[in-house]
2 protein chains.
Amino acid sequence: MLDERKASILRAVVEEYIQTAQPVGSGHVVNAPGISVSSATVRNEMAALETEGFLAQPHTSAGRIPTEKGYRYFVDALAQPSLDRASTLQVRAFFDRAHGEIEQMLADTTRLLTGLTDYAAVIIGPPHEAGKVRSVQLVGLTPRVALLVAVLGSGGVEKRTIDLAEDVDDALWLRATAHLSAQGIGHPLAWLATAPLSGEATVDVVLSRVRAVLVATGQDDADHVYVNGASRMAASFDAVETVRSVLTILEQQLVVVSLLRDVVDRGLNVAIGSETGMQPLADCALVVAPYTVDGERVGTVGVLGPTRMNYPQALAAVAVVGQRLGRRLSEG
Amino acid sequence: MLDERKASILRAVVEEYIQTAQPVGSGHVVNAPGISVSSATVRNEMAALETEGFLAQPHTSAGRIPTEKGYRYFVDALAQPSLDRASTLQVRAFFDRAHGEIEQMLADTTRLLTGLTDYAAVIIGPPHEAGKVRSVQLVGLTPRVALLVAVLGSGGVEKRTIDLAEDVDDALWLRATAHLSAQGIGHPLAWLATAPLSGEATVDVVLSRVRAVLVATGQDDADHVYVNGASRMAASFDAVETVRSVLTILEQQLVVVSLLRDVVDRGLNVAIGSETGMQPLADCALVVAPYTVDGERVGTVGVLGPTRMNYPQALAAVAVVGQRLGRRLSEG
DNA sequence: GCTGGCACTCGGTAGGATCGAGTGCCAACG
DNA sequence: CGTTGGCACTCGATCCTACCGAGTGCCAGC
């Protein structure tokens with residue numbers, strides 16, 4: 001799409017702008033490696049790049065700034081992911097040490113990502129529903145309230161409060177548990193919502209309440225989102241209003257989930273500015289990578305930063321973390 | 001400590017400054033209710049309040065701003081908590097509807113608090129350790145890995161990954177579970193770390209691993225912190241650097257916990273600026289209230305805002321939410 | 001002791017000059 | 001014909017100055 005010289009100039013502008021956040025003039029571009037023409041020629045080419053929509057001028061007598069289209073071209077054709085040696089080692093060390101509960105590990109992984117990139121990091125954890133039930137039981141808390149606790153193959157634990165209208169003794173919880181275990185183990189948790197009743201009246205009172213609760217809470221909080229490094233957004237922008245609106249987005253877990261999911265579904269690994277589809281993120285870019293467990297995409301890792309983010313670094317960091325996270329989760 | 005007129009003037013300055021964020025001049029104070037002297041007199045009194053350390057002047061020819069000491073006096077002697085009718089109803093409605101898992105409810109409660117006050121809200125949940133174990137079991141996930149799942153009386157569920165060096169069949173998990181249940185139910189989870197072994201060699205391999213894991217993870221993640229409304233901090237300050245440093249604090253759960261705990265331990269319900277003991281919070285104030293379950297303090301609710309926060313509102317909101325939260329948790 | 005009056009202070013805003021990085025254009029050159 | 005050095009021009013950023021006005025401290029008089 002762009003001849004080699006234009007591409008080099010665009011690359012030089014993007015790379016310098018990412019570093020300095022200042023409009024880049026032709027004088028700077030000629031000092032960039034791979035440029036061996038005069039500043040006048042560069043000016044001509046930059047004017048052309050502007051009319052083609054890759055660059056923009058904040059005002060007449062200023063240098064150029066990449067447009068979304070410019071960043072897009074840079075990401076698609078010019079940037080190759082690269083991670084410095086120290087970071088690579090850091091990632092390896094992290095996953096070698098990683099252990100313990102999955103929730104804790106995912107939270108720690110977001111911290112790793114913000115540490116690597118200096119941007120906000122987001123991880124969508126594997127949905128618990130996907131796993132088969134390994135164990136299910138009802139634990140009485142008070143005479144009328146019990147906790148339905150299900151352990152899933154993925155290592156996740158789901159719990160639901162079951163409250164009844166009348167007092168129940170512990171033996172009944174046990175009988176209901178026995179029925180649920182017989183029916184549910186090996187199936188997804190949601191399956192219990194439609195599993196047959198026992199035919200025994202007192203037990204079925206409990207079971208139907210379990211069904212109702214599972215139906216009510218089945219869908220929504222299926223996703224487990226981990227966000228970290230929101231404070232880095234404040235370092236990326238100098239308009240406090242921008243910071244505020246971005247933070248507002250990051251606080252809404254549902255929005256974050258649908259945002260990442262949407263980007264992944266469109267087959268993108270980078271969404272720049274308006275490509276995110278969210279007006280408050282006009283000055284942001286999102287770099288994502290799905291990760292797989294046993295060949296199946298179960299979640300997404302991503303970083304959110306300013307449009308002038310260090311794409312090579314962010315792409316590499318997200319890719320390698322996603323890959324190693326998937327591998328780590330696969331081996332259980 | 002202050003005569004009535006000085007107190008009225010201080011109150012007027014604080015209240016107007018909270019609203020406008022602008023230094024308050026004598027001309028504005030005379031328009032405040034309860035002030036029936038001339039501006040010259042007010043000026044004299046304000047000069048006195050300044051030398052006494054309650055007010056400060058950003059520069060010579062500007063109005064006055066409250067100092068930390070000024071806010072402190074306002075909070076201790078002049079402010080009485082007040083919550084508007086709509087908010088009161090909102091709180092009541094929230095807790096009438098509140099149900100389901102405790103984690104979800106606490107997260108929702110932080111949202112309620114930020115909604116009420118427009119400041120960031122923090123809640124420290126009841127420590128799970130405190131509760132007695134209602135149920136404990138080992139669920140095998142892979143031949144070498146099992147999950148220790150303990151249900152506590154509070155409705156909380158604790159889980160720990162137990163990994164062994166050699167393959168184990170499910171029967172062994174069951175036998176270990178039986179032993180743990182016999183020993184542990186009715187005691188705090190930590191007690192299992194010191195409970196006697198079974199004397200049966202194969203089972204004791206598992207049990208000693210359980211002990212080791214409980215010892216290793218026993219103390220730290222004891223606290224469950226819920227933070228919401230961090231984006232409101234960005235609306236409270238116009239220096240982006242201030243926002244960044246405050247957000248950094250809010251992201252560190254351990255810091256937040258020790259901060260709230262420290263304030264409560266000092267018997268305060270408000271910590272203003274340097275009273276928080278954290279330099280980045282010099283421009284912030286923290287309003288907290290412990291909440292009790294069955295007469296015992298099990299957690300804390302709080303809001304974090306700028307030093308010029310609406311103390312009457314924040315005090316009232318935190319107090320009523322803490323109270324109703326405790327009541328709600330007490331009734332189970 | 002309170003108050004009106006008054007001179008004074010000083011941050012904020014507006015207008016004007018200057019600076020310089022960067023541009024577009026053009027004529028000349030290989 | 002593409003490239004280049006030269007040049008006039010643009011315009012944001014910076015600095016200076018003047019000015020305004022909110023607010024002060026002080027004092028004399030009630």
Side-chain angles (χ1 to χ4, degrees), chain A residues 2-67 70 238-239 308, chain B residues 2-67 70 238-239 308:
Chain A
L2 291 182
D3 63 57
E4 194 167 342
R5 194 169 68 188
K6 279 209 182 86
S8 297
I9 291 173
L10 177 58
R11 157 186 277 132
V13 171
V14 171
E15 286 179 347
E16 177 161 341
Y17 185 66
I18 283 171
Q19 271 203 338
T20 66
Q22 297 293 326
V24 181
S26 54
H28 287 106
V29 173
V30 293
N31 292 330
I35 306 287
S36 51
V37 292
S38 76
S39 71
T41 307
V42 171
R43 277 202 293 282
N44 288 332
E45 296 286 52
M46 284 170 79
L49 283 167
E50 182 171 357
T51 59
E52 294 170 51
F54 294 96
L55 295 178
Q57 249 180 328
H59 51 87
T60 318
S61 70
R64 300 309 208 287
I65 283 179
T67 60
D238 41 282
R308 52 176 175 76
Chain B
L2 291 182
D3 63 57
E4 194 168 342
R5 195 169 66 187
K6 278 210 182 83
S8 297
I9 291 173
L10 177 58
R11 158 187 274 131
V13 171
V14 172
E15 286 178 348
E16 177 160 342
Y17 185 66
I18 283 171
Q19 272 205 337
T20 66
Q22 298 293 327
V24 181
S26 54
H28 286 106
V29 173
V30 292
N31 292 329
I35 307 288
S36 51
V37 291
S38 76
S39 72
T41 307
V42 171
R43 277 201 293 282
N44 288 332
E45 296 287 50
M46 284 170 80
L49 283 168
E50 180 171 358
T51 60
E52 294 170 49
F54 293 96
L55 295 177
Q57 247 181 328
H59 51 84
T60 319
S61 69
R64 300 307 208 289
I65 283 179
T67 61
D238 42 275
R308 51 175 177 75

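Below, chain A is the first sequence line, B the second, and so on; all start at residue 1. Excluded from the calculations below are hydrogen atoms, water molecules and symmetry mates; all remaining heavy atoms, backbone and side chain alike, are included.
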Undergrad: Among the nucleotides dT23(C), dT10(D), dT4(D), which one has an atom lying closest to any side-chain atom of Gln57(A)?
TA: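 When the side chain of Gln57(A) is considered, dT23(C) is the closest of dT23(C), dT10(D), dT4(D).
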Undergrad: Report yes if a side-chain nitrogen or oxygen of Arg64(B) is closer than 4.0 Å to either non-bridging phosphate oxygen (OP1 or OP2) of dG23(D); otherwise report no.
TA: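 For Arg64(B), the contact criterion (side-chain N or O under 4.0 Å from OP1 or OP2 of dG23(D)) is not met.
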Undergrad: So, is His28(B) close to the dA22(D) phosphate, meaning a side-chain N or O under 4.0 Å from OP1 or OP2?
TA: no
Undergrad: Would you mind reading off the distance between Glu45(B) atom CD and dC26(D) atom P, rounded to a whole angstrom?
TA: 15 Å
Undergrad: Taking the side chain as every heavy atom from C-beta outward, state whether Glu52(A) and Leu2(A) have any atom pair closer than 4.5 Å.
TA: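 SC-SC contact between Glu52(A) and Leu2(A) confirmed.
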Undergrad: Over how many whole Å does the gap from Ile9(B) atom CD1 to dG23(D) atom P extend?
TA: 15 Å
Undergrad: Looking at dA22(D), I'd like to know if its phosphate oxygens (OP1 or OP2) sit under 4.0 Å from a side-chain N or O belonging to Arg43(B).
TA: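 For Arg43(B), the contact criterion (side-chain N or O under 4.0 Å from OP1 or OP2 of dA22(D)) is not met.
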Undergrad: For the atom pair CD (Gln22(A)) and CZ (Arg308(A)), what is the distance rounded to the nearest 0.5 Å?
TA: 9.0 Å
Undergrad: Taking atom P of dC2(C) as reference, at what distance in whole Å does atom CD1 of Ile35(B) sit?
TA: 13 Å
Undergrad: For dT23(C), does either OP1 or OP2 sit under 4.0 Å from a side-chain N or O belonging to His59(A)?
TA: no
Undergrad: In whole angstrom, give the distance that lies between atom CG of Asn44(A) and atom C1' of dG5(D).
TA: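 Interatomic distance, CG of Asn44(A) to C1' of dG5(D): 12 Å.
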Undergrad: Grab the two heavy atoms, one from Leu55(A) and one from Pro66(A), that are nearest each other, plus how far apart they are.
TA: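 Closest heavy-atom pair between Leu55(A) and Pro66(A): CD2-CA, 3.8 Å.
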Undergrad: To the nearest Å, give me how far apart CD (Gln22(B)) and P (dG11(C)) are.
TA: 15 Å
Undergrad: Return whichever of Pro58(B) or Arg5(B) has its heavy-atom-nearest nucleotide of DNA chain C closer to the 5' end.
TA: Arg5(B)
Undergrad: For Ala48(B) versus Lys6(B), what's the shortest heavy-atom pair and its separation?
TA: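 Closest pair (atom of Ala48(B), atom of Lys6(B), distance): CB-CE, 3.6 Å.
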Undergrad: From the list dT4(D), dG22(C), dC10(C), which nucleotide is the closest neighbour of the side chain of Thr60(B)?
TA: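 Closest nucleotide among those given: dC10(C).
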Undergrad: When you get a sec, tell me which of dT4(D), dC26(D), dA22(D) is the closest nucleotide to the side chain of Ala40(B)?
TA: dC26(D)
Undergrad: Could you check whether any side-chain heavy atom of Arg5(B) comes within less than 4.5 Å of a side-chain heavy atom of Thr41(B), counting everything from C-beta outward?
TA: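 Arg5(B) reaches Thr41(B) side chain to side chain.
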Undergrad: If I compare all heavy atoms of Ser26(A) with all of Met46(A), which pair ends up nearest, and what's the gap?
TA: CA-SD, 4.0 Å
Undergrad: Extract from the structure each pairing of a protein N or O with an N or O of nucleotides 14-20 of chain D at less than 3.5 Å, listing the distance.
TA:
none

Undergrad: May I ask you to say what Ser39(B) touches in the nucleic acid, namely base, sugar-phosphate or nothing, with a heavy-atom cut-off under 4.0 Å?
TA: nothing
Undergrad: Do you know which two heavy atoms are closest between Val24(A) and Tyr17(A), and how far apart they sit?
TA: CG2-N, 3.8 Å
Undergrad: Taking 4.0 Å as the cut-off, does a side-chain nitrogen or oxygen of Ser38(B) come that near to OP1 or OP2 on dT3(C)?
TA: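 For dT3(C), OP1/OP2 do have a side-chain N/O of Ser38(B) under 4.0 Å.
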Undergrad: Check the distance between dT3(D)'s P and Lys6(A)'s NZ and give it to me in whole angstrom.
TA: 10 Å
Undergrad: For Leu55(B) and dG23(D), what is the distance between atoms CG and C1' respectively, to the nearest whole Å?
TA: 14 Å
Undergrad: Starting from the 5' end of DNA chain C, give me the residue, Ser61(B) or Gly63(A), whose nearest nucleotide shows up first.
TA: Ser61(B)
Undergrad: What is the minimum heavy-atom distance between Ile35(B) and Ser8(B), and which atoms define it?
TA: CD1-CB, 3.8 Å
